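Below you'll find the structure, written out as C-alpha cells, and then a few comments.
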Amino acid sequence: MASGNEHRMVFDIRGKRRHVVKAVYAILAILMAASLFLVVGPVNIGSLLGNSGSENNLAAEYEKRAERIETELQKQPGDEELLAKLTSARTNAGQQLYSVGPNGEALPTIESRNQYQKASSAWSEYLKATKEPSANLAQQMGSVLFSLAQISRTYPEAQSNISAAAEAEKMYAEQRPTLNSLSTQALYTLFAGNTKEAEKVNSAAEAKASSKFQREQVGNQFDSAKKNAAEFQKQRQEAEKAETEAAKGNGATANPESLENPLGPTLGGGGLAE
C-alpha cells in the first residue's frame, strides 16, 4: 500500500452526497470485516498488502509481469494458463496500489481500481477459455469483484460487479464448501438481489458451523445484511426508474448523481478525493 497522497483516491466525498456515501459504505465495510473475523480472526491489512517500504516496487513488478503475459497472449490468444496468470498479476498489482488512510486503514485508489478492472477483464476471458475454473483464482476474483462493486461509480456498474462476485464465489464454494466460502457466497448473492438462493446457501453455511454460537453468528450476520442489501436494491431500482422517466420526458437523462452507487468506498473513516 502507498502512504500519504502518493495515489489519487477513488471518490471525492466532500460534496453534498458525502453523508449518504459514507454511511452506506461504512455499513458494508463493517459487514465484510465481521465476516472475516467470524471465520479467521482479525485481519492484518498490512500483512496482506505488503509493508509500506516495498509496495510500489511490488506493484511495478506485477504490472511488468502482466505486460509480459499480454505479449505472450498475442502469440497464444485464449491460452487458459496465461489468462489465469494475467488475472492474478493484475489482482496483485491492484492490492499493492491501495493507500493507507489516516487511521492505518486500507483505501482504494484510482490506480488500484484500474488494475482490478483489468483483472476483471482477464477473468472474463479466462472463463471463456477454461472448462474448470481454478478454485483459488475464483476466490481471489470474488473479493476483487466485490471490491469493485464497493467503488463503482453507478448502480448498474455496482450491480454487474456484485453479480460477478457472487458467481465467482459460487465457483469457489462448489469446489471447497466450507463455512467461510458458503457464508461469503451467501452475502454476495444477497447483495446481488437473489434472496432465496442466498438464504439456501446461508443455511448450508450454518450447517458447517462447529458450535451453536458460531451458527448463530452466521445467521445474525446474514439477517443484518438483508436490510442493507434490500436498501441497495431499492435505491438502485429507484435510480434506474428515474433515469427512464427522465428520458421519456424531453429526451433528457437523469441527473448523474441520481445514479451514483451509494455503497461507497469509505473503508474506515478517511475522506476520498480525486
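A quick note: this is a predicted structure, and the numbers were derived from the prediction, not measured.
- For the pair Leu187 and Gln221, the minimum side-chain heavy-atom distance is below 4.5 Å.
- Formation of a donor-acceptor pair under 3.5 Å by the Ser143 side chain with backbone atoms of Gln139 is not found in this model.
- The two residues Pro102 and Glu105 have their closest heavy-atom pair at CD-OE2, 3.6 Å.
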- Mind running side-chain contact (heavy atoms from CB on, under 4.5 Å) on Glu63 and Gln115 for me, showing each step along the way? CA-CA 9 Å; Glu63 288 186 63; Gln115 290 299 320; 3.4 Å; yes
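- To the nearest 0.5 Å, the span separating CE on Met141 from OG1 on Thr91 amounts to 5.0 Å.
- One finds the CD1 atom of Ile69 at 9.0 Å from the CZ atom of Arg90 (value rounded to the nearest 0.5 Å).
- For the atom pair Glu80 CD and Thr130 OG1, the distance stands at 3.5 Å (nearest 0.5 Å).
- Side-chain atoms of Ser112 never come within 3.5 Å of backbone atoms of Pro108 as a donor-acceptor pair (strictly under, hydrogens ignored).
- Side-chain atoms of Leu107 and Val100, non-hydrogen and from C-beta on, never get closer than 4.5 Å to each other.
- Formation of a donor-acceptor pair under 3.5 Å by the Asp79 side chain with backbone atoms of Glu81 is found in this model.
- Judged purely by distance below 3.5 Å, without hydrogens or angles, the side chains of Arg176 and Asn136 pair a donor atom with an acceptor atom.
- Once rounded to the nearest 0.5 Å, the distance linking CD of Glu167 with CD1 of Ile162 reads 13.5 Å.
- For Tyr155 and Glu240, the side-chain atoms include no donor-acceptor pair closer than 3.5 Å.
- Not one N or O on the side chain of Glu206 forms a donor-acceptor pair closer than 3.5 Å with the backbone of Gln217.
- Inspection of the Glu169 and Thr184 side chains reveals no N or O donor paired with an N or O acceptor under 3.5 Å.
- Checking Asn57 against Glu61 by side-chain atom types alone, no donor-acceptor pair falls below 3.5 Å.
- Side chains of Ser120 and Val144 form no contact here, defined as non-hydrogen atoms less than 4.5 Å apart.
- No donor-acceptor contact under 3.5 angstrom links the side chains of Gln185 and Thr189, judged on distance only.
- For the pair Asn220 (side chain) and Glu216 (backbone), a donor-acceptor distance under 3.5 Å is present.
- A distance-only check finds a donor-acceptor pair linking the side chain of Tyr126 to the backbone of Ser134 [under 3.5 Å].
- By the 6.0 Å contact criterion, CD on Glu231 is enclosed, its count of non-hydrogen atoms from other residues, nucleotides or ligands being greater than 12.
- No side-chain donor from either of Ser160 and Ser163 sits under 3.5 Å from a side-chain acceptor of the other.
- The two residues Ala168 and Leu145 come nearest to each other via the heavy atoms CB-CD1, 4.3 Å.
- In this structure, Val218 and Arg215 have side chains that are not in contact, with every pair of non-hydrogen atoms separated by 4.5 Å or more.
- Aromatic ring orientation, Phe146 versus Phe191: perpendicular (interplanar angle above 60°, classes split at 30° and 60°).
- Side chains of Glu72 and Gln76: a donor-acceptor N/O pair is absent below 3.5 angstrom, by distance only.
- Using a 4.5 Å cut-off on side-chain heavy atoms (C-beta onward), Gln159 and Gln233 make contact.
- A heavy-atom distance below 4.5 Å is not found between the side chains of Thr109 and Tyr98.
- Between Phe232 and Ala158, the shortest heavy-atom contact is CZ-CB, 4.1 Å.
- In terms of heavy-atom proximity, Leu86 sits nearest to Glu70 at CD1-CG, 3.8 Å.
- Atom CZ of Arg68 and atom CG of Leu73 lie 13.5 Å apart (nearest 0.5 Å).
- In this structure, Glu199 CD and Asn194 CG are separated by 9.5 Å, a value rounded to the nearest 0.5 Å.
- Under a hydrophobic-cluster definition in which Ile, Leu, Val, Met, Phe, Trp and Tyr are linked whenever side-chain heavy atoms come within less than 4.5 Å, directly or via other members, Leu182 and Tyr188 are assigned to different clusters.
- Defined by atom type and a distance below 3.5 Å, a donor-acceptor pair is present between the side-chain atoms of Asn161 and Ser152.
- Taking both residues in full, the closest heavy atoms of Ala186 and Ala198 are given as O-CB, 3.4 Å, listed atom of the first, atom of the second, then distance.
- In this structure, Leu127 is a member of the same hydrophobic cluster as Leu83, with clusters built from ILVMFWY side-chain heavy atoms closer than 4.5 Å.
- Here the closest heavy-atom approach between residue Ala209 and residue Gln214 is recorded as CA-OE1, 3.4 Å.
- If you chain together hydrophobic residues whose side chains sit under 4.5 Å apart, Leu137 and Met171 fall into the same group.
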